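Comments concern the structure below.
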Amino acid sequence: MIPFLDLATQYHSIKEEVDEAIARVLKGSQFVLGDEVAAFEEEFAGYCGARYGIALNSGTSALHLALLAAGVGPGDEVITVPFTFVATVAAICYTGARPVFVDIEPRSYAMNVKHVKRAITERTKAILPVHLYGQPADMDPILETARRSGLIVIEDAAQAHGAEYKGRRTGGIGDLSCFSFYPGKNLGAYGEGGMVLTNSPEYADTIRMLRDWGQARKYHHVLKGYNYRMDGVQGAILRVKLRHLEAWTEARRAHAALYNGLLAGSGVQTPEEMCYSHHVYHIYAIRTRCRDALQQGLNAHGIQTGIHYPIPVHLQPAYADLGYKAGEFPCSETVAGEVLSLPMFAELTGDRLEYVAGAVRRSYRA
Ligand SMILES: Cc1ncc(COP(=O)(O)O)c(C=O)c1O
C-alpha cells in the first residue's frame, strides 16, 4: 500500500523536537496565542519576505480576515477562479461580497489574467489569485491590472509555502497573502492553522484585532471581531517544522523531477513548472482523459491517489445561486475532469516512486 500522504513517518523523523516544543507550551501554559505563536509569526513572515504575519486558526479564517481588512463587504465583487478548493470562494461569500469567476490558464492551472480585465466592474474591490498545487499564479500582469484599476490583490497561498515567483517567495507579493497550515500542507500543523502576511501595518493591526474579538485591548471592542486565534501548541510545532521546510521542499522537487522523467512518453501529461516559478509541489497532478480508469488501476496496485478538485466551484450545488452554468469556464471544467494527484510527500522513497510511475504506465496502457 502506498499512501497519498504519510504524516506519521514525518512526525517520527522530528519527534524529539516536536515533543520538546509541545512540552514547552504545556509547561508555560500559553495555550492560545502567546510567545511561541508570536515567534512563529515573525519567523514565517521573515521566511516569506513579508513584514507582518498574523497567525490564525485556519487558512479559511486568513482569507476571511484579509478580505475584511481590505474593506470587502456586501455589494462588492472579488475576482477569483472556479478551479480551487471551495474555501477560496466561501471566504468571499462570508463577507457578503460576490465571487466573480475567471477561467484558469491551461498550463499552470492558475488565474488567466487575459480574462481579468473583462471581469472588472465598478463594484470590483479585489483580485484573488490562487497558487494552486504549489505553483504561483503569474503575478506581474495581475498586479499591473489591479494597480491600473485601483484594486487590492489578495493571494491564496494556502498550498504554496516557499514557492517563488521570479525569485520572490509567495507571501510578500500581493497586498495580503493567506496561508493554511492544515496538517497535509507542505508546512502543516498538528491541527488547524493559518496566517495572513502583509507589508501594511494598517492591515496587520486590523487583522490582529479581528482575530481576537475586535479588541484593541482586553474587553475594549473596537471592531466586530471573531475568535480566529492560533493555539500555542500549533505555533510551537510550526516553528519546529519551519526549520525543515526547505529540505522537505527540495525533496518534493526531486520527487517531481523523478516522476517527470519516469512518466515521459507514457501518454499522461506531467505538470509543467512555469518559467517564472519555483514550484513546491504541494500536489503532483498528472492529466489524462481516462483519469477515472487510471485511478482505479492504481488503486488495484495499492496506490492511493486524489483528485484536486473534481468539480469546479461554479458547478457546486452550494454556489448555484451565483448563476453560473456548465461550459462557462471550459479550461477549469476540462482540467477538473482530467487531473489525478499521485502520492507526494518528502519522505516518499525512490523505490516507491518508481513503483507508482511503473503502475501509471501499465495502468494507462491497459
Ligand atoms: C487553495 C486553498 N485555499 C484555502 C484553503 C483553506 O485552508 P484551511 O483548510 O486551513 O481553512 C485551502 C486548504 O484547505 C486551500 O487548499
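We count ligands from 1, going down the list as the structure has it; atoms in each ligand are counted the same way. Quick caveat, the model's predicted, so the values are computed rather than measured.
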Practice prompt. Work out whether the distance between some heavy atom of Leu132 and some atom of ligand 1 is less than 4.0 Å.
Written response: no
Worksheet item: Do Glu77 and Thr121 have side-chain atoms, one donor and one acceptor, less than 3.5 Å apart?
Response: yes
Fill in: Ring centers of His64, Tyr226 separated by less than 6.0 Å
yes
Worksheet item: So which of Glu192, His64, Lys185 gets nearest to atom 14 (O) of ligand 1, if we judge by its closest heavy atom?
Response: Lys185
Discussion item. Around atom CD of Glu42, are there more than 12 heavy atoms from other residues, nucleotides or ligands closer than 6.0 Å?
Written reply: no
Worksheet item: Do Gly59 and ligand 1 have an N or O pair less than 3.5 Å apart?
Response: yes
Practice prompt. May I ask you to check whether Ser180 has an N/O atom sitting below 3.5 Å from an N/O atom of ligand 1?
Written response: yes
Worksheet item: At a 4.0 Å cut-off, with the gap strictly under it, does some heavy atom of His282 reach an atom of ligand 1?
Response: no
Discussion item. Working note: Tyr284 + Asn260, criterion side chain to side chain donor-acceptor pair (under 3.5 Å); need CA distance, chi angles, decisive distance, verdict.
Written reply: CA-CA 10 Å; Tyr284 181 93; Asn260 288 346; 2.6 Å; yes
Discussion item. With no hydrogens and no angle check, just 3.5 Å: does a side-chain donor-acceptor pair link Glu333 and His314?
Written reply: yes
Practice prompt. Give the atoms of ligand 1, by number and element, whose distance to some non-hydrogen atom of Thr88 is under 4.0 Å.
Written response: 3 (N)
Item to complete: Identify, by atom number and element, the atoms of ligand 1 in contact range of Thr60, meaning under 4.0 Å from any of its heavy atoms.
Response: 6 (C), 7 (O), 8 (P), 11 (O)
Discussion item. Taking 4.0 angstrom as the limit and counting only heavy atoms of Phe85, give me the atoms of ligand 1 inside it, by number and element.
Written reply: 2 (C), 5 (C), 12 (C), 13 (C), 14 (O), 15 (C), 16 (O)
Discussion item. Centre-to-centre under 6.0 Å for Phe44 and Phe179, is that the case here?
Written reply: yes
